[in-house]
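Okay, so here's the structure we're looking at.
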Amino acid sequence: MKLFTSTRLGPYTLKHRVVLAPLTRMRSDTGDIPNDLMAEYYSQRASDGGLIISEGTPVSRQGYGYHLAAGIYSDAHIPGWKKVTDAVHGKGARMFAQLWHVGRQSHTDLQPGGAAPVAPSAIRCEGGMAHSEYGDVEFSMPRALEIDEIPGIVEDWRKAAARALEAGFDGVEIHGANGYLPDQFLQDNTNRRTDAYGGSIENRARFMLEVIDAAASVFGHDRVGLRLAPSGSYGDMADSNPSATFGYLAEQAEKRRLGYLHIVEPRIKGNDDLVEGAEPIASKHIRRKFKGTLIAAGGFKRDSAEAIVQSGDADLVAFGRWFIANPDLPERFRTGAPLNQYDRNTFYGGDARGYTDYTFHQKESELA
């Protein structure tokens, strides 16, 4: 299988193409500190020559929207993440930190001083919930960022990248998908600004590109990835011309020689399977603009992952739900072993149940 051939990602050589997708699990300690349980979880899913992308980790308290999501907004978070990266590197894997700012997808209970969440424009996210200490709550009405506040937020991303480097990560991924702050600037249903960050595609992409370049000032562009969802509606997102908007961003990523683009494919509503024949199907359209390493994600199974890699529309494939339930997923795919079923009830928050207690596949020879 081509899934089990080597490939390049920035300066690194990976031995296979099965990636652990970034997955919010909400199991940090008080203060959003990464803990030993998290180190065990990531270590279980690390494999020699594989790639792990961390759960979204907020770059500031202002960018926080999920209670007990592990942070990277303070130096206090570095030792915990160092335990995680050491455990992953001990298995011979690479690990990128996904840097995250939720923007308007938050609630005053989660914001410093009970302030309103921030966004490019004061447009409330309809549908979906923020995850507070007291349970799920509807998103609060955001306030529009003043233009003189934006450089400080970009600097938060740079500082977070510097902490990621100190914590031993091999690179960082900018979370530019799923209706979070960079995506809110990019798409025109959430960006009604009339200044240098609104209006034209070039202006709406400005914030995301500034964030990318800030992270690259720490790691270099070849160790920075970007996650996008060109066909996604999560977070109440839409754009009047997604092909042009995301095409421009892909061109800019190509010019910068980014380490990779991580593209979320659309899924059938209410179903875990991929949409067949929808437009624009993200990876094959982005591939026309971006010739570097491309990771596809969203609803893939073993055979569909092999097919997209064989087609050349993606170089690697990221898995979420199946990797949660199968810590040895690459080996199960390689051997054709059966998969454990996942339990959605344990995806977000909790303890070791549904987190580190999924079984590994044992060959019959090992049981004899």
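One-based numbering along the sequence shown. On a predicted model such as this, the values are computed, not experimentally measured, just so you know.
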Next on the checklist: Taking M129 as the starting point, is it possible to reach I123 by hopping between hydrophobic residues whose side chains are less than 4.5 Å apart?
Outcome noted: no
Checklist entry - Do Q111 and R61 have side chains that get closer than 4.5 Å, going by heavy atoms? => result no
Checklist entry - Using 4.0 Å as the upper bound for N to carboxylate O, is an ion pair formed by K15 and D48? => result yes
Checklist entry - Name the one of R288, K289, R256 that satisfies salt bridge (charged side-chain N to carboxylate O under 4.0 Å, His left out) with E251? => result K289
Checklist entry - Could you give the distance from OH (Y260) to CZ (F290), rounded to the nearest 0.5 Å? => result 10.5 Å
Checklist entry - Under a 4.0 Å N-O cut-off, is there an ion pair linking R163 with E166? => result no
Next on the checklist: Any non-hydrogen side-chain atom of F323 less than 4.5 Å from a side-chain atom of V18?
Outcome noted: yes
Checklist entry - Are the charged groups of K301 and D303 less than 4.0 angstrom apart, N to O? => result no
Checklist entry - When you look at E331 and H361, which way does the side chain to side chain donor-acceptor pair (under 3.5 Å) test go after all the steps? => result CA-CA 9 Å; E331 181 63 12; H361 180 69; over 6 Å; no
Item to check | OG-CH2 distance between S60 and W157, expressed to the nearest 0.5 angstrom | outcome: 9.0 Å
Checklist entry - Under 3.5 Å, is there a donor-acceptor pair between the Y64 and D32 side chains? => result yes
Checklist entry - Using 30° and 60° as the class limits, which term best fits the ring planes of Y66 and Y180: parallel, tilted or perpendicular? => result perpendicular
Checklist entry - Taking NZ, NE, NH1 and NH2 as the nitrogens, is one of them in R8 or D315 under 4.0 Å from a carboxylate oxygen of the other? => result no
Checklist entry - Would you call L145 and Y197 a side-chain contact if the rule is heavy atoms closer than 4.5 Å? => result no
Item to check | Within-4.5 Å side-chain heavy-atom neighbours: R104 and T190 | outcome: yes
Item to check | Note, L339 side chain near R332 side chain (heavy atom, < 4.5 Å) | outcome: yes
Checklist outcome for this item: Residues passing the side chain to side chain contact (heavy atoms under 4.5 Å, CB included) test with A205, sequence neighbours excluded, are L186, L209, Y248, L249
Next on the checklist: Check for me, please, whether I286 and I212 land in the same ILVMFWY cluster - side-chain distances under 4.5 Å, paths through other members count.
Outcome noted: yes
Item to check | E202 side, atom CD; T245 side, atom OG1 - distance, nearest 0.5 Å | outcome: 9.5 Å
Checklist entry - M237 versus S233: any side-chain heavy-atom pair under 4.5 Å? => result no
Checklist entry - Would H221 and D213 satisfy side chain to side chain contact (heavy atoms under 4.5 Å, CB included), going step by step from the backbone distance to the final call? => result CA-CA 7 Å; H221 283 96; D213 292 341; 2.8 Å; yes
Checklist entry - Between R27 and E55, is there a salt bridge with N-O shorter than 4.0 Å? => result no
Checklist entry - Measuring from Q184:CD to R204:CZ, what's the distance to the nearest 0.5 Å? => result 13.5 Å
Item to check | ILVMFWY cluster membership beyond M141 - transitive side-chain contacts under 4.5 angstrom | outcome: none
Next on the checklist: Under 4.0 Å between a side-chain nitrogen and a carboxylate oxygen: does that hold for D170 and R94?
Outcome noted: yes
Next on the checklist: If the threshold is 4.0 Å, N to carboxylate O, is there a salt bridge linking R124 and E138?
Outcome noted: yes
Checklist entry - Would you call V309 and L316 a side-chain contact if the rule is heavy atoms closer than 4.5 Å? => result no
Next on the checklist: Is there a path of hydrophobic side-chain contacts, each under 4.5 Å between heavy atoms of I/L/V/M/F/W/Y residues, joining V84 to I324?
Outcome noted: yes
Checklist entry - Do the charged groups of D343 and R353 touch, with an N to O distance under 4.0 Å? => result no
Checklist entry - Does one hydrophobic cluster hold both V59 and V211, with members joined at side-chain heavy-atom distances below 4.5 Å? => result yes
Next on the checklist: Using the ring centroid of each side chain, check whether Y73 and W100 are separated by less than 6.0 Å.
Outcome noted: no
Item to check | Pair F333 and F319, ring centroids less than 6.0 Å apart | outcome: yes
Item to check | side chain to side chain contact (heavy atoms under 4.5 Å, CB included) evaluation trace for C125 with Q105 | outcome: CA-CA 7 Å; C125 183; Q105 289 192 50; 4.2 Å; yes
Next on the checklist: Rounded to the nearest 0.5 Å, what separates atom CZ in F185 from atom CG in N191?
Outcome noted: 6.5 Å
Checklist entry - Out of curiosity, does I53 fall in the hydrophobic cluster containing V264 (side-chain heavy atoms, cut-off under 4.5 Å, transitive links)? => result no
Item to check | Worked check of side chain to side chain donor-acceptor pair (under 3.5 Å) between Y348 and R25 | outcome: CA-CA 5 Å; Y348 303 106; R25 303 305 308 274; over 6 Å; no
Next on the checklist: Tell me whether the rings of Y12 and F96 are parallel (<30°), tilted (30 to 60°) or perpendicular (>60°).
Outcome noted: perpendicular
Checklist outcome for this item: OG1 (T85) and NZ (K83) are apart, to the nearest 0.5 Å, by 11.5 Å
Next on the checklist: Side chains of S47 and H16: any donor to acceptor distance under 3.5 Å?
Outcome noted: yes
Item to check | Side chains of H101 and I153 in contact at under 4.5 Å (non-hydrogen atoms) | outcome: yes
